[in-house]
Amino acid sequence: MGVLNGILIIRKEQNFTSNDVVAKLRGICRQKKIGHTGTLDPNATGVLPVCLGNATRLCDMLTDRSKEYIAEFTLGLTTDTQDIWGKVLTDSGDKWRELSRETIEEAVLSFLGKQMQVPPMYSALKVNGKRLYELARAGTTIERAAREIEIEELELLPPESCPDTGESRAACFLALPKMRMRVVCSKGTYIRTLCQDIGDKLGCGAVMSSLVRTRVGSFYLEDARTLSEVEEIRDNEGIEKILLPVDHCFSAYPAVKAGEEALRFLRNGNELKLSMTEAEGGFEDMPDKTPCRIYDEEGQFYGVYVLQKGSGRLRPFKMFLPG
């Protein structure tokens, strides 16, 4: 097995950190150049895209993708970690029994849209070179600046055991004190904090009690593999079978083929004259500053270039040079 370049969609299991996943994959894939695309809580499960080889240049780009989660929150409690695994700070008992389904739904849906969110102390954010969770474990709490996030989609869900149709579904929609919701959100959103904020709004407190990430950008849970499945595939079909090529992430961009005279410039990551290349459908109707996928005549992907109509050139934006 040579050097692997591409993206693996990992189904992270509970009690693994994102760094644990990378460490195990280095052993499975027998190569060091591997990076994950964003921290997922150890108690959370679900989609974790992992970049191998020259695809590690994608890591910062993939962290910006929108994400979808299925979260469960439990009413009546608050903890120091904002989830069910932390130290209990308050317990409002049965106060949640006073809440109607309509009240809860209204509170949940009020968090749709852009808003400011204060990151939790138990997070991987760095302040003065220290992870916030390291400070929290040492008993130190510091002020954190609120950051803008966006909740793009938000809906309450029935319990997993609920029948899918009819009155039975409606009757068990509200299985207090535990609720489930689907969240589509921007980079930097903390679902634990969202759960706590919902509990604060309801006046009874709430903690996240489970979290599954079902999508990161165009990567979906149904296409994800556990570490043991990746290892089995390696031993049978080969990891290349499930490795997504780097250009998969840029499939919405038009493809451009570089001719023979452009190759020496392309291999050095230099600008290219439009006359040296050929675009699908031509460049005439393509807007200025359009990002393009650049390939050689053999179909080898080299990177993303940006169209500069004024100068009649393509300028390199992100290179994924082979080898």
Side-chain angles (χ1 to χ4, degrees), residues 18 37-44 46-47 59-90 92 96 99 102-137 139-157 179-217:
S18 299
T37 57
T39 303
L40 188 57
D41 284 355
N43 285 308
V47 177
C59 287
D60 59 334
M61 301 177 72
L62 295 183
T63 58
D64 289 335
R65 304 292 176 94
S66 72
K67 301 171 179 67
E68 180 185 72
Y69 298 89
I70 301 297
E72 179 190 84
F73 60 95
T74 301
L75 298 172
L77 299 173
T78 65
T79 68
D80 60 346
T81 57
Q82 301 180 342
D83 59 36
I84 199 71
W85 300 280
K87 177 184 176 183
V88 174
L89 300 178
T90 66
S92 63
W96 53 265
L99 302 169
E102 290 73 23
T103 299
I104 296 172
E105 194 157 24
E106 182 181 344
V108 170
L109 296 181
S110 72
F111 287 91
L112 269 169
K114 291 183 179 180
Q115 61 209 264
M116 303 303 289
Q117 186 185 72
V118 178
M121 276 302 301
Y122 280 89
S123 66
L125 290 177
K126 279 188 175 182
V127 175
N128 297 325
K130 281 274 191 179
R131 300 282 186 188
L132 284 178
Y133 66 76
E134 293 174 340
L135 296 173
R137 287 172 183 167
T140 302
T141 299
I142 63 171
E143 291 291 322
R144 287 96 63 206
R147 304 186 304 174
E148 185 178 77
I149 62 161
E150 182 174 8
I151 307 295
E152 301 163 21
E153 297 177 36
L154 186 57
E155 64 173 328
L156 282 174
L157 300 174
M179 300 291 299
R180 293 172 70 239
M181 61 182 174
R182 183 180 70 88
V183 185
V184 177
C185 57
S186 64
K187 170 191 175 182
T189 303
Y190 287 91
I191 305 301
R192 286 178 287 134
T193 302
L194 174 62
C195 293
Q196 177 173 279
D197 290 345
I198 290 170
D200 289 346
K201 188 152 195 170
L202 290 168
C204 64
V207 293
M208 187 183 77
S209 40
S210 77
L211 184 67
V212 181
R213 188 154 71 185
T214 53
R215 179 179 64 80
V216 174

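Count residues from 1 along the sequence. Predicted, not measured: the structure shown is a model, and the values here were computed from it.
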Not counting sequence neighbours, list each pair that qualifies as a side-chain hydrogen bond (donor to acceptor under 3.5 Å, both in side chains) and has a residue in residues 143-155. Glu153-Arg182, Glu155-Arg182

Work out which heavy atom in Ile191 is nearest to a heavy atom in Cys185; give both atom names and the distance. CD1-SG, 4.1 Å

Taking the side chain as every heavy atom from C-beta outward, state whether Val47 and Thr214 have any pair of such atoms under 4.5 Å apart. no

Quick one: does Ile142's side chain get under 4.5 Å of Met121's, heavy atoms only? yes

For a 4.5 angstrom cut-off between non-hydrogen side-chain atoms, does Lys114 reach Ile149? no

Please table the atom pairs, donor to acceptor, closer than 3.5 Å between any side-chain atom in residues 197-208 and protein atoms at least two apart or in another chain.
| residue | atom | partner | partner atom | Å |
| --- | --- | --- | --- | --- |
| Lys201 | NZ | Ser110 | OG | 3.0 |

As a quick check of understanding, evaluate side chain to side chain donor-acceptor pair (under 3.5 Å) for Arg215 and Ser66, giving each step before the final call. CA-CA 8 Å; Arg215 179 179 64 80; Ser66 72; 3.3 Å; yes

So Lys67 and Arg213, do their side chains get closer than 4.5 Å, heavy atoms only? yes

Using modelled atom types and a 3.5 Å cut-off, is there a donor and acceptor pairing between side-chain atoms of Glu105 and backbone atoms of Glu102? no

Just verifying a value: how many Å separate Ile104 CD1 and Leu99 CG, rounded to the nearest 0.5 Å? 5.0 Å

Non-hydrogen side-chain atoms of Gln115 and Ile151 separated by less than 4.5 Å: yes

Rounded to the nearest 0.5 Å, how far does CG of Leu77 lie from OG of Ser92? 7.0 Å

Counting N and O atoms only, with roles assigned by atom type, does the side chain of Ser209 sit under 3.5 Å from a partner on the main chain of Ile84, one being a donor and the other an acceptor? no

Given side chains that start at C-beta, do those of Met181 and Leu194 come closer than 4.5 Å, heavy atoms only? yes

Compare every heavy atom of Ala145 with every heavy atom of Pro119, then report the nearest pair and how far apart it is. CD-O, 3.4 Å

Looking just at side-chain N and O atoms, do Thr78 and Thr90 make a donor-acceptor pair shorter than 3.5 Å? yes

Against Val183, only a single residue in Leu154, Leu211, Val108 fulfils side chain to side chain contact (heavy atoms under 4.5 Å, CB included); can you say which? Leu154

Close side-chain approach of Thr189 and Gln117, heavy atoms under 4.5 Å: yes

In Å, rounded to the nearest 0.5 Å, how long is the span from CH2 of Trp85 to CZ of Arg192? 9.5 Å

Indicate yes or no: at least one non-hydrogen side-chain atom of Thr81 is less than 4.5 angstrom from one of Lys87. no

Short question: side chain of Asp41, backbone of Asn43 - any donor-acceptor pair under 3.5 Å? no

May I ask you to decide if Thr193's main-chain N or O and Gln82's side chain share a donor-acceptor pair within less than 3.5 Å? yes

